[in-house]
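Throughout, protein chains are lettered first and strands after them, A, B, ... in sequence-line order, and every chain is numbered starting at 1. Model, not experiment: these values are computed from the prediction.
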Protein chains: 2
Amino acid sequence: MIENSIENNTHLPLLQFATPKVMAASEIYIPEGKIFKKIFYIKKGILRNFFVTKSGEEKTIFFRWEGQIVAIPECIFDNQPTRQTWQALEDCELMEIDFDMVEKLSENNISLIKTRLGLAQKMLLEALKRVESFVLDKPEERYQKLIREKPEIIKRVADKHIASFIGVTPVSLSRIRKRLASQKK
Amino acid sequence: MIENSIENNTHLPLLQFATPKVMAASEIYIPEGKIFKKIFYIKKGILRNFFVTKSGEEKTIFFRWEGQIVAIPECIFDNQPTRQTWQALEDCELMEIDFDMVEKLSENNISLIKTRLGLAQKMLLEALKRVESFVLDKPEERYQKLIREKPEIIKRVADKHIASFIGVTPVSLSRIRKRLASQKK
DNA sequence: TAGTGAAATTATCTTTTGCTAATTTTTGTC
DNA sequence: GACAAAAATTAGCAAAAGATAATTTCACTA
């Protein structure tokens, strides 16, 4: 399923300038501190972005997978270096597009700006849903929702990454899994 | 400080159609279930939006205050009824703008769409920062950050609303406050 | 200013999580 | 298929949070 297609409409000019990028699983795509002024489309694979805490732990904030268009908000919106690291979790195939190009093309292309607005809105709804879940749900419920709503993604990602995604330690997630398994019987 | 001014630039057409709305403290502004197709500018006062859980508890998701432009994402982006309630926490003065009007004006006004894009991006950065804090910080740290970064807002809002905002119960927030107070000495 | 209701704090008890370390299981590679 | 490294689980203990209820403090209004 294509989540944010760039292959279906009036934005062919973008694709013209897209360049392919291939990465192996576990490879670092974007290191912390970089001002990454590209957007990219994921043709294949999963990536995650994470913070490294003072004590060296990696805290995963989001997963991104095939069909999605990704922009790093702080870089693209604010021209700031990202404090996070982006890593391929599987062998990935991306299509990169220079963002300065997008900006230039946007100047007099109202349809392209509308596309950008749509993408920002989509990302916002996703982030808000996440906030909701942190406010309303216990970790156990967040985990259950995740299995229910994104089962195929969960299977492809290590539990330790899921753990920080829902805001708990890997040990705690393991206990949650155990509790849920015993309740089912 | 004006956070998202609509009074300073090329968007006077919007202001033309804005209508004032005054509310008393504790009044419900937007009830759950409504498709609220307006955006509003807060001239004065604070509002909150909250979910009501099955057990009847109110869980506050955001606060909005003077200087901000507010759009209810699910209503404006997706034409969906909101599952949240909006309530004035102080006497408020708002300026309401019909969103259909904004859409119509946007069609051939690239600058207005850019403004909308900017607003969506701003909201996204805010929501992402919130997600970060849930993943990286303990409730105690979230509370400390809040006091540090929004001291004037915190003072104007009841603790029980702060509590759900940072994802804990009012009782737990009270204990956090006690712990912090004892550490200071 | 006295009285009422809501908010905040405190107390008690239970559940969950974090931390650390040990153990088991899984994964990937040679 | 054997080995090494990483991931996941388990265990034990301390800290924090949830639930409930009682008590104190605060805020509003009559």
*Candidate pair A:E103 and A:R116, rule side-chain contact (heavy atoms from CB on, under 4.5 Å), full reasoning*: CA-CA 10 Å; A:E103 285 245 278; A:R116 288 172 60 189; 3.5 Å; yes
_If you only use heavy atoms from C-beta on, which nucleotide in D:dA19, C:dT16, D:dT10 is closest to the side chain of B:T169?_
D:dA19
*Quick one: label B:S174 by what it contacts on the DNA or RNA (base, sugar-phosphate, nothing), any heavy atom closer than 4.0 Å.*
base
*Identify which nucleotide among C:dA8, D:dA11, C:dT17 has an atom closest to any side-chain atom of B:A158, counting heavy atoms from C-beta outward.*
C:dA8
*Under the side chain to side chain donor-acceptor pair (under 3.5 Å) test, which residues partner A:S164, sequence neighbours left out?*
none
*Indicate whether OP1 or OP2 belonging to D:dA7 is found under 4.0 Å from a side-chain N or O atom of A:R177.*
no
*In whole angstrom, what separates B:I162's CD1 from C:dA8's P?*
9 Å
*Between C:dA8, D:dA16, D:dA7, which one does the side chain of A:K160 approach most closely?*
D:dA7
*Would you kindly give the CG-to-P distance between B:D137 and D:dA16, to the nearest whole Å?*
15 Å
*asked:* Rounded to whole Å, how long is the line connecting atom NZ of B:K178 with atom C1' of D:dT24?
replied: 13 Å
*With sequence neighbours excluded, residues passing side chain to side chain donor-acceptor pair (under 3.5 Å) with A:Q121*: none
*May I have the step-by-step check of side-chain contact (heavy atoms from CB on, under 4.5 Å) for A:Y143 and A:L180, ending in yes or no?*
CA-CA 10 Å; A:Y143 180 62; A:L180 292 177; 3.8 Å; yes
*Does B:R175 or B:P170 map to a spot on DNA chain C nearer the 5' end, using the closest nucleotide for each?*
B:P170
